[in-house]
Amino acid sequence: MSKQFDVIVIGGGPGGYIAAIRAAQLGFNVACIDEWKNAKGGPALGGTCTNVGCIPSKALLQSSEHFDHASHHFAEHGIAVKGLELDVAKMLARKDNVVKQNNDGIVYLFKKNKVTFFHGRGSFAAAKDGLYDIKVAGAAEETISGKHVIVATGSSARALPGAPFDEENILSNDGALRIAAVPKKLGLIGSGVIGLEMGSVWRRLGAEVTVLEGLPTFLGAVDQQIAKEAKKAFDKQGLKIALGVKVGEVKSSKKGVTVAYTDAKGEAQTLDVDKLIISIGRVANTEGLNPEAVGLKLDERGAVVVDDECKTNLPHVWAVGDVVRGPMLAHKAEEEGVAVAERIAGQHGHVNFNTIPWVIYTNPEIAWVGQTEEQLKAAGRAYKAGTFPFMANGRARALGDTTGMVKMLADAATDEILGVHIVGPMASELIAECVVAMEFRASSEDIARICHAHPSLSEATKEAALAVDKRTLNF
Ligand code: FAD
Ligand code: NAI
């Protein structure tokens, strides 16, 4: 008789491990299957986010920012640094240690919440008698069965046709996070979130970085006033971004990589680099899940088809996170994981897609929630806009980090906040207040009337709210 569970979660990334913990908190007997292996072949819970995504990229962004500050900005504070040296191996080892702390943290959380962990690949084997049989192929092979299944198998980097990842010269996000020595020349294809974050890391460490982007617009999904401000800052830093290019043949040799492309004017160009990072989006992980065994429906891109509540076409089978529609963000995956566990328990789990924040952890940081000015115009919605520059914020001046602004958009008639867009210092933290405000359906006047600590960057949010009513106090 196979081991039987109330809930089986396939995938131990932020969608899966959080769903498993929440289901266990609600009293279910829960199993979580994850196949990720660390360098020693052992389990490494946390998925893409912990192993080759959010966490290691933020560790390297922090280290490289320290180096950039020591190289270029300490002097203006009267601090002279002589003989500054970079130890890339140590930087990468620190990053690996940060990852391991997060992997170990999830093992602890599973023990604390009595989630049974299986290390190996999970795949559908059969559906019978109201139960799903899931095969676990790890060091040994066994089949477990469960009443509910939550698919949380995540996503992987999309390869450029004709340029498969070798993780030596042509790198996915995985290889991009463990380049052993700073390349003299680094190329990236795709100026999306990974392109900008990883391009920033290696530029700060001294690489000459060129990003080739297919679309003619920079950060098309971002409010264009904010995107333009960010682009100006990246140009100043020396991050070369070529928009509207058409990438052709990619040739890799021992010497490096040559990319043939057509630029925005239609002229043929070549880019010679030591390493090339491909960051052109991600694809759902459903290979090896054996969905055919139970008739689980996938869409034409291989993602699991779900409704608004993360229900698949099969009874008691759910799917969350990167493997389904919607933004590929760790916090979106977590919210869906919690909501599904609560729905299984008969509660009313809820995810508000209008208030999922986005953050790009470059310098300046870019963060937003809600609708952009372009989206409001396209929808014909009457709105008021208020902006406030960090240049006029006392804390930003003290930090020596005055690039950017906060921009608030509110309904012209009701004053309800419809979107907030920030480019500047600590935008990732500032956006949280705006998410709370939008969840509570606050007006811009609500933010304008709330007391914000002085001197703090958050005063720029309050001033942007005042600007909606054309009454800023400090600008
Ligand atoms: P994943 O994290 O991909 O986890 C899926 C897990 O399932 C993996 O461990 C995988 O091995 C396992 N698995 C797959 N198939 C099977 C199977 N058949 N059996 C067993 N196990 C299986 N998002 C943010 O919100 N903020 C960020 O700062 C951020 N930075 C990022 C930086 C990079 C470089 C990348 C690549 C992504 C980043 N993301 C970020 C996106 C974020 O990592 C994903 O949105 C998030 O990891 C999705 O969570 P998930 O649980 O759906 O899937
Ligand atoms: P992305 O979707 O953010 O950007 C891909 C870019 O590549 C786009 O600008 C697209 O126009 C371009 N592109 C696509 N095909 C191309 C081609 N053939 N030639 C040239 N350009 C091409 O995808 P990315 O950067 O790979 O990241 C994947 C996802 O991971 C993100 O969308 C995001 O959901 C998540 N992520 C989130 C982070 C965060 O929250 N801070 C950090 C990193 C990743």
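One-based numbering, in listed order, for ligands and for the atoms of each.
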Please say whether [X] places an N or O atom under 3.5 Å from an N or O atom belonging to ligand 2.
X	answer
Ser191	no
Tyr361	no
Ile360	no

Asn173 side chain to Val52 backbone, donor-acceptor under 3.5 Å
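Side chain of Asn173 to backbone of Val52: a pair is present.
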Would you check if the side chain of Asn97 reaches a backbone N or O of Ala93 as a donor-acceptor pair within less than 3.5 Å?
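Side chain of Asn97 to backbone of Ala93, a donor-acceptor pair under 3.5 Å: no, none is there.
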Among side-chain atoms of [X] and [Y], is any donor-acceptor pair under 3.5 angstrom?
X	Y	result
Asp322	Ser155	yes
Asn103	Asn38	no
Asn285	Ser156	yes
Thr143	Asp133	no
Ser172	Glu167	yes

Please confirm whether Arg158 comes under 4.0 Å of ligand 2, counting heavy atoms of the residue only.
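Per 4.0 Å heavy-atom rule, Arg158 contacts ligand 2.
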Residue-ligand contact Gly281/ligand 2, heavy atom below 4.0 Å:
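Within the 4.0 Å threshold, so yes.
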Is it true that, when you exclude [X] itself, more than 12 heavy atoms of the residues, nucleotides or ligands shown sit nearer than 6.0 Å to its [atom1]?
X	atom1	result
Lys231	NZ	yes
Met426	CE	no
Lys58	NZ	yes
Asn352	CG	yes
Phe353	CZ	yes

Could you tell me, atom by atom, which parts of ligand 1 come under 4.0 Å of a heavy atom of [X]?
X	result
Lys58	27 (C), 28 (O), 29 (C), 30 (N)
Ser57	32 (C)
Gly47	2 (O), 4 (O), 8 (C), 9 (O)
Ile33	20 (C), 21 (N)
Asn173	34 (C), 36 (C)
Ala333	49 (O), 52 (O)
Cys49	2 (O), 43 (O), 47 (O)
Arg282	36 (C)

Name the closest protein heavy atom to atom 11 (O) of ligand 1, giving the residue it belongs to and the distance to 0.1 Å.
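Looking only at protein heavy atoms, the one closest to atom 11 (O) of ligand 1 is Trp36 CE3, 3.4 Å.
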Which protein non-hydrogen atom lies closest to atom 33 (C) of ligand 1, naming both residue and atom, and how far is it?
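Answer for atom 33 (C) of ligand 1: Gly53 CA, 3.3 Å.
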Any heavy-atom pair between the side chains of [Y] and [X] that's under 4.5 Å?
X	Y	result
Ile144	Ile33	yes
Asn313	Val305	no
Lys332	Val324	yes
Asp401	Asn363	yes

Closest to [atom] among [options] (heavy-atom distance):
atom	options	value
atom 42 (C) of ligand 2	Leu212, Val359, Asp322, Val193	Val193
atom 34 (C) of ligand 1	Val52, Ile55, Val320, Val359	Val52
atom 5 (C) of ligand 2	Ser279, Ser155, Gly190	Ser279
atom 49 (O) of ligand 1	Pro14, Gly321, Gly13	Pro14
atom 2 (O) of ligand 1	Leu329, Val151, Val193, Thr48	Thr48
atom 27 (C) of ligand 1	Ala284, Cys54, Gly138	Cys54
atom 18 (N) of ligand 2	Thr48, Val247, Thr362, Leu160	Leu160
atom 15 (N) of ligand 1	Ile10, Thr153, Asp34	Thr153
atom 30 (O) of ligand 2	Glu213, Lys246, Arg282, Glu365	Arg282

Side chain to side chain contact (heavy atoms under 4.5 Å, CB included) evaluation trace for His421 with Gln225
CA-CA 9 Å; His421 306 272; Gln225 191 178 359; over 6 Å; no
Electrostatic pair Lys184-Glu208, nearest N-O below 4.0 angstrom
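No.
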Of all the heavy atoms in Gly120, does at least one lie under 4.0 Å from an atom in ligand 1?
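Heavy atoms of Gly120 do come under 4.0 Å of ligand 1.
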Taking only non-hydrogen atoms of Tyr361, do any sit less than 4.0 angstrom from ligand 1?
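Contact check Tyr361 vs ligand 1: positive.
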If you measure from each non-hydrogen atom of [X] to ligand 1, which part falls under 4.0 Å: side chain, backbone, both or neither?
X	value
Ser155	backbone
Ile194	side chain
Met198	neither

Examine the proximity of ligand 2 to Ile194 and report which part, side chain or backbone, both or neither, has a heavy atom under 4.0 Å away.
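The answer is both.
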Residue part near ligand 2, for Val245, under 4.0 Å between non-hydrogen atoms
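Under 4.0 Å from ligand 2, Val245 contributes no heavy atoms.
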Tell me whether Met328 has any N or O atom under 3.5 angstrom from an N or O of ligand 1.
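Yes; at least one N/O pair falls below 3.5 Å.
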Sub-4.0 Å atoms of ligand 2 with respect to non-hydrogen atoms of Met328:
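Going through ligand 2 atom by atom, the ones under 4.0 Å from Met328 are 33 (C), 34 (O), 35 (C).
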